[in-house]
Each structure stands twice: as structure tokens, then as C-alpha cells.
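For reference, the structure discussed in these notes is given below.
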Amino acid sequence: MSEQAAQAARKAFALRLKDLRLDARLNGRQLAAAMGMLPSKISRIEHARQNPTEDDIRAWCRACSAETQIPELIAAHREVGQMWLEHRRELRAGFKHQSERNRPLYEQSALIQVYEPMAIPGFLQARHYIRASLDPIARFHGMRDDLDTAVEGRLNRLRVLTSGITRFSFVVEATALYTVFGDQETMEAQYDFLMTATRLPNVSFGVIPLGQTRKDMWPGGGFYIYDDRLVRCEQWTGLYQTERPEEIATFLKIFSLLREQAVHGDAARTEIDAARTHLQSRETS
């Protein structure tokens, strides 16, 4: 999921506005005259080349005798605007801001479902692994002075994990277990923590083994599902998020298919041991 997904949502919203015009039996010039704007702006909005303001939406609905749709359309428009958040904009406020902003989301969720293809999920990261995995991000964005704060912020996730209040279901590709951050000691501590975390009563941990035949769902980008109300997917340049029920339903279906391909319990811990053995053999060779 990426900027393309957010653009698709913008186009879908623009189509809803166009349908209102057509249902009202107005052409573009007639609607423009009723709204007191240029016909070219109507065209740009309907082709998703220009975002309407909330006042535009109100005027559009009134001109189309669809005032009852104003609250729902404005709510949908606000969500589309929040679907894609640029990392640069988010990071300007610092890692601490991100942590504090996300804490209520973590603490208020009854069930968090996570899929990660390339790295151990944040909720399962030990202290030194957190630092090692965040360091490249901090260096890339020139924020190394904020690294200590970032580590402490991420550790708040562990408190949510170990509180036992929130239930977690994790599915990772085996590749995530072989991705190395930091030195061997960092990874050994991370494997130890994983072994402990997978035995927590509120945690389900699944691994899709290396080389497994993919029957129903292919590997993809990582995502987090918070209950049935929010999905987040972090990409190179930004964060995609949605509260749209149809989108959440799609992610829930994807997660279910991925989970069916994973091994759990002792079989999952065997996958962790295999990754540990691979690392140790590499270090001693």
C-alpha cells in the first residue's frame, strides 16, 4: 500500500461528487454557476486534480439538493486527507511526538494483528534491537540526537505487550528472523526475548517458513490492524492508514490467509532457533 492507494481514494471521492452532480441533472457549467466558481475548478475536482475544501463540499451538496450527505462526505474527505502521511512531516516533530501520539492507540486496542515480512515487529523488539533498527532511520533523516528518546518511546510498546490486557496476533515471514540489526549479542538477546514473548498467554506468534509454497497469499508490505477500526502500513517515505470498513475487511482477509500459512507454537520457536543457528554459524565461519 502506498501513495497510489491514497490517490485511488482521492479519485473515488471525486467520483462521488461527480455522481451527486449527475443525480441532480446538472452539467459542469450549471453546477459552477450555482456554486459561484469557475467550471474549470469543477472539472479539476471531479478528476481528482484538485482537492475540494470543506466549504466546497458544503456548497456542492447544497447545489445538488443533497444537504443530508454533507456530514458523511466531510468525514470521508478528512479521512482521505489522512490516509498518507509523509515521514518527513511526521519526523519534524521528533520521535517522542510519534510515541506519545500513538500510545493511546496501543493502549485502547483489544486486539492488534501484525504482519511483518522483513523485520521483527516493533511490539516484539528488545531494547538493543530497537536502537540498532532505528539508527539507520535516524541517520538517514539526520535525527540521531533524538535516538535515545526514540528507544524509550518504542519500549512503551513492550509495556502494552506484557500487560496482558491487549491480545496480539503476529505473523512474520522467516526472512524477518534472519534480518540482522546490530551485532551478534544484540541478535542473541532479541531471539531470547522472542522465545519468552511467544509464550505469553495474550500472544499468538506465527512464522511462514523459508521456501514455503505460497498457495493463497503472497508476501507483501507489513501492516498493523488495530481491532477492526484502523490499519497502518509503513513505507519508505510515509505511512498509509485507513479507517474505511471495506479496506479494513480486505486487510483482515489478507491477514487470515497469511496466518493460515504460518506455523505456530513450538514449530514457530524452531524457526527462531534455526535463525539463531544460522547467525552463529556465520559468525564463527
Side-chain angles (χ1 to χ4, degrees), residues 1 112-140 144 147 150-151 153-155 157-162 167-225 232-236 251 254-285:
M1 207 56 75
I112 300 176
Q113 299 175 88
V114 180
Y115 168 71
E116 281 287 1
M118 297 301 295
I120 293 169
F123 286 103
L124 294 174
Q125 293 177 3
R127 177 183 290 272
H128 295 298
Y129 185 98
I130 293 173
R131 174 176 286 277
S133 63
L134 283 178
D135 186 62
I137 299 172
R139 283 190 284 109
F140 184 82
R144 295 200 72 192
L147 191 55
V151 172
R154 286 286 181 94
L155 286 171
R157 298 187 186 188
L158 299 186
R159 298 184 184 100
V160 177
L161 181 82
T162 57
R167 292 182 296 117
F168 290 86
S169 182
F170 298 99
V171 174
V172 302
E173 301 287 342
T175 306
L177 303 175
Y178 290 82
T179 301
V180 176
F181 289 103
D183 55 19
Q184 183 171 357
E185 185 177 354
T186 295
M187 292 303 299
E188 291 280 3
Q190 180 60 61
Y191 293 138
D192 288 341
F193 181 77
L194 265 184
M195 286 294 195
T196 300
T198 60
R199 291 185 168 89
L200 292 173
N202 60 317
V203 171
S204 169
F205 182 75
V207 180
I208 301 177
L210 293 173
Q212 176 153 307
T213 300
R214 310 306 286 245
K215 296 179 181 179
D216 299 312
M217 185 52 60
W218 56 92
F223 57 85
Y224 288 58
I225 307 173
R232 286 184 162 185
C233 313
E234 192 167 323
Q235 307 292 322
W236 286 103
F251 276 97
I254 291 170
F255 186 82
S256 177
L257 292 171
L258 289 166
R259 193 176 189 279
E260 289 174 4
Q261 297 177 82
V263 297
H264 297 81
D266 288 340
R269 285 184 281 274
T270 296
E271 294 291 327
I272 297 171
D273 278 333
R276 186 200 300 268
T277 299
H278 175 79
L279 176 65
Q280 291 171 341
S281 65
R282 193 186 70 175
E283 292 294 327
T284 58
S285 62

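Distance alone, capped at 3.5 Å, is enough to place a donor-acceptor pair between the Q261 side chain and the M217 backbone. With hydrogens and angles ignored, the 3.5 Å screen pairs a side-chain donor or acceptor of T179 with a backbone N or O of M118.
Taking CG of L257 as the reference point, atom CD1 of I254 lies at 8.0 Å (rounded to 0.5 Å). Annotation: the span from F170 atom CZ to F205 atom CZ amounts to 8.5 Å, rounded to 0.5 Å. Taken from OH in Y178 to CE in M187, the straight-line distance is 11.0 Å, to the nearest 0.5 Å. We find the CD1-CD distance between I120 and Q190 to be 4.0 Å, quoted to the nearest 0.5 Å. Expressed to the nearest 0.5 Å, how far CD of Q125 lies from CG of L161 amounts to 11.5 Å. Note that CZ of R127 and CZ of R154 are 13.5 Å apart. Values are rounded to the nearest 0.5 Å.
Residues Y115 and F251 are not in side-chain contact: their nearest non-hydrogen atoms beyond the backbone lie 4.5 Å or more apart. A 4.5 Å side-chain heavy-atom check between L177 and L194 finds at least one atom pair inside the cut-off. In this structure, the side chains of L200 and F168 stay at 4.5 Å or more apart for every pair of heavy atoms. When side chains are defined from C-beta on, L258 counts as touching R214, because their heavy atoms get closer than 4.5 Å. The shortest side-chain heavy-atom distance between Q184 and Q280 falls under the 4.5 Å cut-off. By the 4.5 Å heavy-atom criterion applied to side chains, R276 and E188 are counted as neighbours.
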Worksheet item: What do the steps show when you test V171 against I208 for side chain to side chain contact (heavy atoms under 4.5 Å, CB included), and what is the final call?
Response: CA-CA 7 Å; V171 174; I208 301 177; 3.9 Å; yes
Worksheet item: Going through the checks in order, is the side chain to side chain contact (heavy atoms under 4.5 Å, CB included) test met by R282 and V180?
Response: CA-CA 12 Å; R282 193 186 70 175; V180 176; 3.8 Å; yes
Worksheet entry | Pair Y191-L279, side chain to side chain contact (heavy atoms under 4.5 Å, CB included): steps then yes or no | CA-CA 11 Å; Y191 293 138; L279 176 65; 4.1 Å; yes
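The two residues A119 and F181 have their closest heavy-atom pair at CB-CE1, 4.1 Å. A pairwise comparison of heavy atoms in A176 and E116 identifies CB-O, 4.3 Å as the closest pair.
Just one of S256, S204, S169 meets the side-chain contact (heavy atoms from CB on, under 4.5 Å) condition when paired with Q113; it is S169.
Taking the ring centre of F123 as origin, the terminal cationic atom of R157 falls inside the region bounded by 6.0 Å and 45° from the ring axis.
Atom CZ of R269 has more than 12 neighbouring heavy atoms from other residues, nucleotides or ligands inside a 6.0 Å radius.
D135 has a carboxylate O that lies under 4.0 Å from a charged side-chain N of R139, or vice versa, which qualifies the two as a salt bridge.
The closest side-chain donor-acceptor pair between D183 and T186 falls under 3.5 angstrom.
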